[in-house]
Amino acid sequence: MSKPPGKPKTGEIEVLYASAEIAHRVAELATEIAREMGPEILIVAILKGGFVFAADLVRALHLAGVRPQIDFMMLASYGKSKESSGEVRVLRDVTDDVAGREILVIDDILDSGRTLAFAKQSLLDRGAGSVRLCILLDKRDRRAAAVDAEFVGFACPDRFVVGYGLDFANYHRELPYIGALPEDEAQDDAKGET
Ligand code: IMP
Ligand code: MG
């Protein structure tokens with residue numbers, strides 16, 4: 001079968017977090033979130049990258065006794081290579097009323113932090129009661145914006161990672177594990193949708 005146009009070549013993807021390890025951590029995070037936030041929360045999942053993590057986490061939250069309402073924001077941050085530019089655009093905004101709500105934003109990864117700093121401020125500007133961030137991966141060393149997540153799955157090495165919602169050129173999101181691309185293949189992902 002021929003490759004779809006533009007599909008990046010894929011050498012060995014080095015598995016960093018296997019799916020069983022992710023599932024275990026997701027259940028732990030749900031317990032922490034339930035304890036600290038209580039049952040009545042509004043979840044805002046960030047598209048595209050947060051969709052797999054959010055789908056697993058909301059079901060774990062159910063088992064932990066949380067009754068979330070769920071909404072989505074689709075954000076794009078443009079920049080060359082692996083660096084986001086700081087310009088974040090809203091491609092799809094929340095439709096629920098956020099005023100006075102206790103909000104949990106769920107996303108795949110905190111890198112420079114610009115995307116989630118923007119999302120958080122945008123919800124606070126509209127009167128959210130509180131906004132907490134839950135991310136699966138934290139590339140703490142690369143932070144440029146003053147933002148931190150209250151709930152973090154794993155500290156992530158400074159490698160370009162894919163799978164479990166994370167993409168390279170919108171590929172690899174379907175992988176059930178998280179892996180690192182070979183260094184020579186991870187050079188040029190102009191970001192677009194997060
Ligand atoms: P930030 O605004 O620099 O924090 O960028 C966050 C977004 O960049 C994430 O939501 C991802 O879409 C993307 N991103 C950052 N690092 C990686 C990575 O290693 N693999 C895939 N996407 C990444
Ligand atoms: Mg992306």
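Because the structure is a prediction, the values reported are computed rather than measured.
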_Pairwise distance CD1(I41) to CD(Q69) - rounded to 0.5 angstrom_ = 10.0 Å
*Closest non-hydrogen atom pair, R92 against V94*: NH1-CA, 3.8 Å
_Pairwise side-chain contact, L133 with D107, heavy-atom cut-off 4.5 Å (strictly under)_ = no
*Which distance, rounded to the nearest 0.5 Å, do you find between the CG of D148 and the CZ of R140?*
5.0 Å
*Please name the pair of heavy atoms, one in A64 and one in A30, separated by the smallest distance, quoted to 0.1 Å.*
CB-O, 3.9 Å
*asked:* Pair K48, N170 - check side chain to side chain contact (heavy atoms under 4.5 Å, CB included), show working.
replied: CA-CA 9 Å; K48 298 177 182 175; N170 207 20; 3.2 Å; yes
*Would you say the side chain of E36 lies within less than 4.5 Å of the side chain of E150, judging by non-hydrogen atoms?*
no
*So among T115, L166, I135, which one has a side chain to side chain contact (heavy atoms under 4.5 Å, CB included) with I109?*
L166
*Minimum side-chain heavy-atom gap L181-H172 below 4.5 Å*: yes
*Are side-chain heavy atoms of V52 and E174 found at a separation under 4.5 Å?*
no
*Answer yes if V90 and V131 sit in the same cluster of Ile, Leu, Val, Met, Phe, Trp and Tyr residues linked by side chain heavy atoms under 4.5 Å apart, and no otherwise.*
yes
*From I46 atom CD1 to C134 atom SG, the distance as rounded to the nearest 0.5 Å*: 11.5 Å
*Is any side-chain heavy atom of R132 closer than 4.5 Å to a side-chain heavy atom of I33?*
no
*Under 3.5 Å side-chain donor-acceptor pair for R126 and S122*: yes
_Please list all pairs meeting ring pair (Phe, Tyr, Trp, His ring centres under 6.0 Å) that have one or both residues in residues 96-148, counting only residues at least two apart or in different chains._
none
_Rounded distance (nearest 0.5 Å) linking atom CG of D96 with atom CG of L42_ = 5.5 Å
*Is K139 reaching over with its side chain to a backbone N or O of R159, donor-acceptor style, under 3.5 angstrom?*
yes
*asked:* Testing the basics here: between M73 and A119, what is the closest heavy-atom pair and its distance to 0.1 Å?
replied: SD-CB, 4.4 Å
*So, for I43 and P68, which heavy atoms are closest and what is the spacing to 0.1 Å?*
CD1-CB, 3.7 Å
_For the student: nearest non-hydrogen atoms of R143 and D111, plus distance_ = NH1-O, 3.2 Å
*asked:* Applying ring pair (Phe, Tyr, Trp, His ring centres under 6.0 Å) as the test, list every pair that has at least one member in residues 41-60; sequence neighbours left out.
replied: none
*Go through the steps to decide whether L137 and Y17 satisfy the test side chain to side chain contact (heavy atoms under 4.5 Å, CB included), and finish with yes or no.*
CA-CA 10 Å; L137 301 175; Y17 308 98; 3.7 Å; yes
*Hydrophobic cluster membership, L63 vs L104, 4.5 Å side-chain cutoff*: no
*Closest heavy-atom contact between R25 and G153?*
NE-O, 2.8 Å
*Rounded to the nearest 0.5 Å, how far does CZ of F151 lie from CG of L29?*
8.5 Å
*Do D71 side-chain atoms and T95 backbone N/O form a donor-acceptor pair below 3.5 Å?*
yes
_Please check: side-chain N/O of R89 versus main-chain N/O of L75, any donor-acceptor pairing under 3.5 Å?_
no
*Would a 4.5 Å heavy-atom cut-off, applied to side chains only, mark I178 and L136 as touching?*
yes
*asked:* A side-chain contact here means heavy atoms from C-beta on lying under 4.5 Å apart; do R142 and D158 qualify?
replied: yes
